[in-house]
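The next block holds one structure in the form of structure tokens; read it before the comments.
Lettering of chains follows the sequences in order, A, B, ..., and the numbering in each one begins at 1.
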Amino acid sequence: MRRFLRPGHDPVRERLKRDLFQFNKTVEHGFPHQPSALGYSPSLRILAIGTRSGAIKLYGAPGVEFMGLHRENNAVTQIHLLPGQCQLVTLLDDNSLHLWSLKVKGGASELQEDESFTLRGPPGAAPSATQITVVLPHSLCELLYLGTESGNVFVVQLPAFRALEDRTISSDAVLQRLPEEARHRRVFEMVEALQEHPRDPNQILIGYSRGLVVIWDLQGSRVLYHFLSSQQLENIWWQRDGRLLVSCHSDGSYCQWPVSSDAQQPEPLRSLVPYGPFPCKAITKILWLTTRQGLPFTIFQGGMPRASYGDRHCISVIHDGQQTAFDFTSRVIDFTVLTEADPAAAFDDPYALVVLAEEELVVIDLQTAGWPPVQLPYLASLHCSAITCSHHVSNIPLKLWERIIAAGSQQNAHFSTMEWPIDGGTSLTPAPPQRDLLLTGHEDGTVRFWDASGVCLRLLYKLSTVRVFLTDTDPNENLSAQGEDEWPPLRKVGSFDPYSDDPRLGIQKIFLCKYSGYLAVAGTAGQVLVLELNDEAAEQAVEQVEADLLQDQEGYRWKGHERLAARSGPVRFEPGFQPFVLVQCQPPAVVTSLALHSEWRLVAFGTSHGFGLFDHQQRRQVFVKCTLHPSDQLALEGPLSRVKSLKKSLRQSFRRMRRSRVSSRKRRPAGTPGEVQEGSAKTERPGLQNMELAPVQRKIEARSAEDSFTGFVRTLYFADTYLRDSSRHCPSLWAGTNGGTIYAFSLRVPPAERRMDEPVRAEQAKEIQLMHRAPVVGILVLDGHSVPLPEPLEVAHDLSKSPDMQGSHQLLVVSEEQFKVFTLPKVSAKLKLKLTALEGSRVRRVSVAHFGSRRAEDYGEHHLAVLTNLGDIQVVSLPLLKPQVRYSCIRREDVSGIASCVFTKYGQGFYLISPSEFERFSLSTKWLVEPRCLVDSAETKNHRPGNGAGPKKVPSRARNSGTQSDGEEKQPGLVMERALLSDETE
Amino acid sequence: MEVKSKFGAEFRRFSLERSKPGKFEEFYGLLQHVHKIPNVDVLVGYADIHGDLLPINNDDNYHKAVSTANPLLRIFIQKKEEADYSAFGTDTLIKKKNVLTNVLRPDNHRKKPHIVISMPQDFRPVSSIIDVDILPETHRRVRLYKYGTEKPLGFYIRDGSSVRVTPHGLEKVPGIFISRLVPGGLAQSTGLLAVNDEVLEVNGIEVSGKSLDQVTDMMIANSRNLIITVRPANQRNNVVRNSRTSGSSGQSTDNSLLGSPQHIEPSCEPEDEDSDEDDIIIEDNGVPQQIPKAVPNTESLESLTQIELSFESGQNGFIPSNEVSLAPIASGSNTEFETHAPDQKLLEEDGTIITL
């Protein structure tokens, strides 16, 4: 046995392994966690988002994505894309500036950091002297003006960040050049705004926080104009022709100032508090955009009445008598408006408002009446309700795909028809080879269907199961309650809504049959719904059945939540997946496993109490089986048991106390190692001594049948195999529990012509108790050729070879600790791989995947993709159970990341790196979805011949060729997603 | 087959049918008859091929004795009230000639009263020290046998740090330590593990670089046959090697093992692999069975009988001949126990035993 565990040294196999397996983290889907800055380049049409963890992400046309990570894990506070360049400057909260550029390498652009810089003041100066508040990249792209807290404006030269001290515009210099009457007030404080004259690169505007605004002549070093406002300045906007300034202030007002040489205006042309007269919050940013039609767009952030709407996150758009205050679901980080890109054009002509909120990105079409939102092709907020589970289905048949899209398009009617306005760059990624769906279950009882075929994770369709149930609040009432003529004219936008009406609605398990369009979803309160795809809206009653999983077990009281109340009578369902059967488990414990066999029309479900089989054709329960150990009180009482939770929380708080004390002691540098452990504790008070001494410890005890939650059903599996004897195969249902028990039931499914007449029968055929009693996480039957049995209907659709029913079948049982192959029908152990005993890791997720060779087109092997509790991903061969490769993928502390992982059937996978982002990874050399794109700017060539004017050769489309050439990985600290973790380099 | 039976100073010779030994009861009666001690309670022992004095008190060990006798079966009989229980055990007849003398002349041996403990057949091994010959003296490899669920393993482990000698001098490295023994648990009752012992290996796998949780999982996964290599916190009870006076099992002439580095020779005996092979399967007739290893081309009925046989014998507490360690019931007998602890590898190697 041991020799199987030793890594093989067969050179042929080693080479083949290199052709089959390769680990890459390819792309991050979803919305960046904790965004902190927004940037946009009108010339490149590229959007940039910075995050609090120091990541910057660039997005252009769908498929055009870049990611970079600052070496420092500091928050990105500002992003400025240099006008007309493939370059950007970021400011971090440690006051450092970084220059990044998109460089073409091997036919594709790559984002990399070129320089970094920290502004240093003269020795002895206060740190605030050089604390950067505003960055202005000059249109000539050689200079960067840096406004600081001290009121000075420093100048640095790009690309090397050379400080030009002689060009510093100090606040003293400005003060001296001000007319007499403006000097009497202490107007200098920090620089709040820096703007370049839209037409004349020799003039810049400097706004100071106390309200003084000056227009500075760069060549003559003099003040051309000055404006003095009575209010604290927040931000300022310079109209496109340079003739009008709009300043916004902390009291919720904004002022217009004409820029004309006639006379110095002591007072603004117009001053307005848009949401007055009661005290308002500050307007933090304002845009004044001209249009061809004449009437400008006024767009500003904030300014809401402090008392009644001070907690809202609003951006107001005013144009042509219309005014709307877009009310966002989370804090607005920043916004920008997409306008005419040509700087020489006479008007701004804004067409889209792009708002980066804390939890989502919202784009609003400003050209269409009513200003509808634009549907996002990427950057979707996966977490608009918290993700509770996910399910991946590969290779969706075109028919089903189109029907899902059709159902989804009716839900998206309220979106604008505008083409996605951010469309910079060219995606070089070939069209995805197949259609993949990722289904996410959410806490609010919805299932979202995502197009996971390519780089962009796009929402196709959203299914809500809420309508089946009676809930406290009817979501429809809330919407209509919002009156039309309210002031301020608030309008909710965005989809982020983390508040669930009822946690019992949460989706826990999803199973979609891609051939039949049957979908089963199961939730927190033991509800199991079977749904069918219908292209028409329909009003139908949902058949309700109760499955009593406790059966004859007497004397137990469920102390958890109650089951959901279902609506009686017909319910109207919109086109899409419509439920027709509702099975409610009793007790209503969370559904822990689910399997659907669309050919036999059976659905199996399991909870912590047992499992059941339901015939959804005849709408009849076939059987239920209680798996509970009689002494397992905890499972019976349910998750909300007060006794248990109190005990547990007490224990946890004690543990936390101990841990913090232990760790604080560890940090103390003094003393020899021995003393730290024991000596110091002895001197402490005797009463506390015991508690102080107790370290984090783990009990070593063999598992026993009496352990809690042994009856918890972890996995369910349908197979047509030799369960009873080797002459006849029959349908069977397999269930594995937390206590290492496997139940096998032989099923008798009537032939199609009598399917409605005869009942489905089930009989228990086998029960296997694994002696190591570890939870069973996977069950699989291998056919006579040791190939996993195909999915139901797969053979019928000619998408798989028929399984070999001649040779003897084998049963593979995967527990958290071991992989074990048994013979069938007589169950005898044949092979095993002990994972935990050897490595100390436990199986968290296991799935069969097909690995294609990158060299031979038609060569491929089926293996097990395994994720362990340490975050490692391994491939274990079938049927010999030899470990093939191992990669570390997720940090072992990242429990939610490990719990969220799903594998695809072709060796890819997804896991959550934050509540709102999926990381996509690939174990396969053949199936690799990663962004590959080109961003090129015409200006680049004009200004810098040496840089961007490289040969614009036809990009090679080969997937694995030279993406990370040039020995670039050796450069330390450079973190590019495509350069990450490539074990392929040789 | 020839039998030579000794009671006190008397010898009796008689013969037995090797193929039909009959039951122990009958044999006992026969012995009483030939020695003419019909109403005296006696203990029966025999010398096995290794020269160990082993008891005969039931059918199993009686049959074993008969089947292994070569060429003659040497029987030693003691009166129960005079019996020297410590005489039984490993290497007793060969290594310590005086044991034999004691048996032969019981009067010499009546210096101290004996604690009457039950016979070895009443025990299963619960723990043993193994691989003494290949481990550094400061380390101890302990095997805990967990049968069923009767007794908890009963210990806890924690993180800690230990000092190692490295090429760069002394270095403090993280380690895993035993933090607590549960009173009455298996770990405590063996006396072989103690609080603050550093755990170095679990079933032959080094724990360095592994987290506390990983080591916990490894131990639990191996809980049915757990082999822990520790560096005892108390180094005073270590086996002293090459001391020619102590008949310690540290003496080894097993050359095959001497040359090999210890870490690639994990102490997993062949039967370890099958230790948890005995999953139980209930077919639809409701009769629990153990799952045998797959025996290809075997009729199901045939293999079924095989299973039942092995299952039965396990239930009776049958001791495989190569596991002869005894459980120390009296606590605090650490050192004594160690010197008695057999080296199984030694026993398996035929003819390489050194007589001191």
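Residues Ala837(A) and Ala221(B) share a closest heavy-atom pair of N-CB, 3.8 Å.
Between the CD atom of Glu816(A) and the CD1 atom of Ile220(B) there is a distance of 11.0 Å, given to the nearest 0.5 Å. Rounded to the nearest 0.5 angstrom, Gln769(A) CD and Ile280(B) CD1 are separated by 7.0 Å. For the atom pair Met219(B) CE and Thr836(A) OG1, the distance stands at 14.0 Å (nearest 0.5 Å). Summarising the geometry, atom CZ belonging to Phe155(B) is positioned 11.5 Å from atom NZ belonging to Lys699(A); distances are rounded to the nearest 0.5 Å.
Interface residue Leu870(A): only side-chain heavy atoms are found under 4.5 Å from chain B. Proximity to chain B (any heavy atom under 4.5 Å) is restricted, for Glu839(A), to the backbone atoms N, CA, C and O. Neither the backbone nor the side chain of Ser162(B) comes within contact range of chain A; no heavy atom of the residue lies under 4.5 Å from a heavy atom of that chain. For chain B, the nearby part of Glu817(A) is the side chain; its heavy atoms alone come within less than 4.5 Å.
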Derivation and outcome, side-chain contact (heavy atoms from CB on, under 4.5 Å), residues Asp279(B) and Phe822(A) | CA-CA 11 Å; Asp279(B) 300 331; Phe822(A) 298 92; 3.7 Å; yes
When you look at Asn869(A) and Asp217(B), which way does the side-chain contact (heavy atoms from CB on, under 4.5 Å) test go after all the steps?
-> CA-CA 11 Å; Asn869(A) 65 335; Asp217(B) 285 340; 3.6 Å; yes
Given the rule in the side-chain contact (heavy atoms from CB on, under 4.5 Å) test, do Val696(A) and Asp159(B) qualify, once you have shown the distances and angles that lead to the verdict?
-> CA-CA 7 Å; Val696(A) 179; Asp159(B) 279 318; 5.7 Å; no
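Taking the charged nitrogens against the carboxylate oxygens, Asp213(B) and Arg892(A) have no contact shorter than 4.0 Å, which rules out a salt bridge.
Residues Ile205(B) and Leu838(A) meet the side-chain proximity criterion, which asks for heavy atoms closer than 4.5 Å. Within the 4.5 Å cutoff, side-chain heavy atoms of Ile281(B) are placed close to those of Lys766(A). The shortest side-chain heavy-atom distance between Arg224(B) and Met771(A) falls under the 4.5 Å cut-off.
Side-chain atoms of Gln697(A) do not come within 3.5 Å of backbone N or O of Arg180(B) as any donor-acceptor pair.
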